[in-house]
J.: 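Take a look at the following structure, please.
Throughout, residue positions are numbered sequentially from 1 according to the sequence presented. Counting starts at 1 for both ligands and their atoms, in listed order. Quick caveat, the model's predicted, so the values are computed rather than measured.
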Amino acid sequence: MRDAVQPRMQQGSPPTAGGASAASAPTALGDAAALAREAELHLDAARRLRDGLRSHTGPRSVSNTLAPYDEIAVHLDAVANRCGLLERVHPDPGVREVAERWTQEISQFATQLSLDRAVYDALSALDITGEDAATRHYVTRTLRDFRRAGVDRNPAIRARVQALNDELTLIGQEFARNIQSDRRTVSLQPSELEGLPADYIAAHPAGADGRVVLTTDYPDYVPFMSYAKSGAAREAMYRAFRARGVPANLGVLDRMLARRHELAALLGYRSWAHYITEDKMIATDTAATDFVQRVAGIAAARAQADYAMLLARKQEDEPGALEVFDWEKDYYDERVRAERFKVDSQAMRPYFPYERVKQGVLDITAKLFGVTYRRVHDAVVWSPEVESYDVLEEGVKLGRFHLDMHPRTDKYKHAAEFGIRNGVEGLQLPEAALVCNFPGGIAMDPGLMEHDDVNTFFHEFGHLLHALLAGRQRWMGVAGISTEWDFVEAPSQMLEEWAWDASVLRTFAHHHETGEPIPEELVRRARRARDFGKGIYVRQQMFYAMLSLRLHADDADGIDTTATVRALQNEYSTFRYVEDTFFQASFGHLDGYSAIYYTYMWSLVIAKDLFSRFRPENLLEPEVARLYRTHVLEAGGSAPAAELVQRFLGRPFSFTAYERWLNAG
Ligand SMILES: [Zn+2]
């Protein structure tokens with residue numbers, strides 16, 4: 001799945017999807033028994049193929065070795081993708097349970113396969129010199145992944161690798177659990193809620209002791225930090241927020257870092273950061289460190305200018321103030337936006353009724369990428385409100401997608417794209433879904449969206465197009481979004497640009513009562529507000545990125561994590577470290593992302609460069625979009641991402657567009 005909005009989260013390496021011999025059979029999305037039956041058939045088929053691969057004697061060829069290996073991937077991903085979706089969206093708990101169980105089964109089988117020496121030896125014996133580039137890339141990458149898993153080590157090391165991986169899974173779950181379950185509270189005078197919206201105050205009445213108790217959960221915390229006038233109350237909330245997971249996670253984190261370091265060393269790497277960057281576009285930990293320093297440098301002047309505005313605004317409240325503290329930044333950011341940029345997010349909503357936005361996204365992407373969408377009414381889906389569409393090009397079907405766009409009980413709470421199966425030329429068509437929680441879907445309710453939601457819609461559709469248009473590769477292993485992790489968010493972040501263009505918005509964003517297109521001035525103001533604070537934002541992101549790298553660096557064994565946070569916050573963030581706070585204990589990304597938090601910004605640098613080929617005066621011209629489709633989206637994982645980007649740009653990607661974006665506005 002591909003996640004979208006802040007806080008962004010993402011799963012491990014990009015999954016591939018499948019449906020192999022079940023390609024002609026209907027997809028089981030509806031009932032538990034059928035899902036379990038189908039999953040079992042796929043796993044059995046995968047086992048048989050693996051056994052056949054192992055026992056084959058005689059010369060190895062692409063057809064007798066790579067083809068069955070790829071077919072295993074087709075079977076595994078048929079189950080993994082479908083179950084990954086259904087466990088998060090299916091209304092029937094029985095189906096969710098079956099889906100969870102099969103996700104585990106498949107992941108267990110995949111781990112065994114990654115350490116299967118006989119399969120590795122079979123693939124190693126292939127002579128690929130005469131094969132096409134995608135096949136050579138696939139085999140080279142696959143052998144590297146086997147080695148990265150430790151398959152070529154002696155049995156004792158492999159056993160220790162397996163044990164460390166198992167332990168790290170548990171440590172990661174413990175780390176996440178400690179964050180989720182550690183809900184702190186702060187007790188305040190009712191007067192300390194001054195500045196907050198009336199509905200917030202009404203929802204937080206004083207208790208019998210006359211005090212209001214707030215928690216560190218996001219719905220309490222986030223508005224409070226933006227609106228509460230009392231600096232002392234904000235500081236108390238800030239300190240509580242940065243105490244989450246303390247002390248338990250300080251120890252858990254130490255263990256996590258130590259085990260990762262040991263695992264990396266066992267596999268022959270200097271550090272975990274060295275290991276985890278190897279299969280990314282960035283390729284090395286030193287390149288990642290250079291990248292973070294470079295971006296931080298580019299953003300420095302802008303961050304100082306942003307900061308000066310916050311400080312000036314603070315001085316209106318406190319003449320002579322010399323510094324904006326970390327617990328003040330959201331508050332003064334909000335003040336500057338409201339007073340200086342006159343941002344009014346409510347003013348945009350009437351122009352974004354869900355149905356019109358949906359039609360707009362469909363019409364625009366159809367025009368850009370040369371496809372049409374045809375509503376399908378008899379598709380097998382998991383819930384009746386899901387809408388299905390076929391993607392066609394000149395009457396030929398390219399794939400199918402489903403839109404599950406509104407909240408529902410027991411449904412995934414964020415916005416993400418989920419693969420259902422990847423397409424393989426001559427075998428099966430791709431299928432994917434968007435799962436969101438937008439307004440709408442209720443009779444008589446126009447479903448007015450925030451502009452932020454519209455942005456998310458475009459973002460997720462960028463992932464969807466990537467998954468569907470990369471559906472005609474020869475191999476499952478290079479189909480769909482099977483590209484480097486640090487490239488995955490580039491196509492989605494690039495498509496966001498269309499949500500910020502007045503001419504584009506005016507094609508569909510019409511007032512739900514008057515039909516009037518959205519005024520250009522409203523869009524201009526939204527853009528100006530988006531531009532404010534970019535420098536601070538980027539520096540803060542680079543603080544997180546450097547922290548994630550440093551904690552996993554060569555000399556990080558036994559590192560004092562609090563001292564590291566103090567040093568790096570002071571160096572990279574625009575706001576000084578606050579003593580006795582422990583950001584690292586609730587930095588959830590340290591589990592899923594470990595050393596590679598930089599990936600978000602890396603993808604954004606590339607997204608800005610990709611976008612630079614389009615003509616800003618007319619974002620609806622299809623010519624450039626078609627080239628982008630051919631060179632970047634359709635290629636999927638058939639070549640290194642840098643190569644795909646270069647084919648589209650006609651040169652290697654650069655920082656120029658990103659720098660211009662950062663300093664514009
Ligand atoms: Zn995304």
J.: Just to confirm my numbers, could you give the angle made at the Zn ion (ligand 1) by NE2 of H463 and NE2 of H459, rounded to 10°?
T.: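 That angle works out to 100° after rounding to 10°.
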J.: Any ion pair linking R337 and E334 (charged N to carboxylate O, less than 4.0 Å)?
T.: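 R337 and E334: not salt-bridged.
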J.: Identify, by name, the N, O or S atom of E489 lying closest to the Zn ion (ligand 1).
T.: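 Looking only at N, O and S atoms of E489, the one nearest the Zn ion (ligand 1) is named OE1.
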J.: If I take every N, O or S atom of E417, is at least one of them less than 2.8 Å from the Zn ion (ligand 1)?
T.: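 Here the distance criterion (N, O or S atom, under 2.8 Å) is not met by E417, so no.
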J.: Compute both the distance and the angle, then confirm whether R294 meets the cation-pi test with F655: under 6.0 Å from the six-membered ring centre, within 45 degrees of the axis.
T.: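 The answer is yes; both the distance and angle limits are met.
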J.: Answer yes or no: is there a donor N or O on one side and an acceptor on the other, between the side chain of N422 and the main chain of P430, under 3.5 Å?
T.: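 Absent.
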J.: Answer yes or no on whether R349 is positioned over the face of Y351, meaning its NZ or CZ is under 6.0 Å from the six-membered ring centre and within 45° of the axis.
T.: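 The answer is no; the distance or angle limit is not met.
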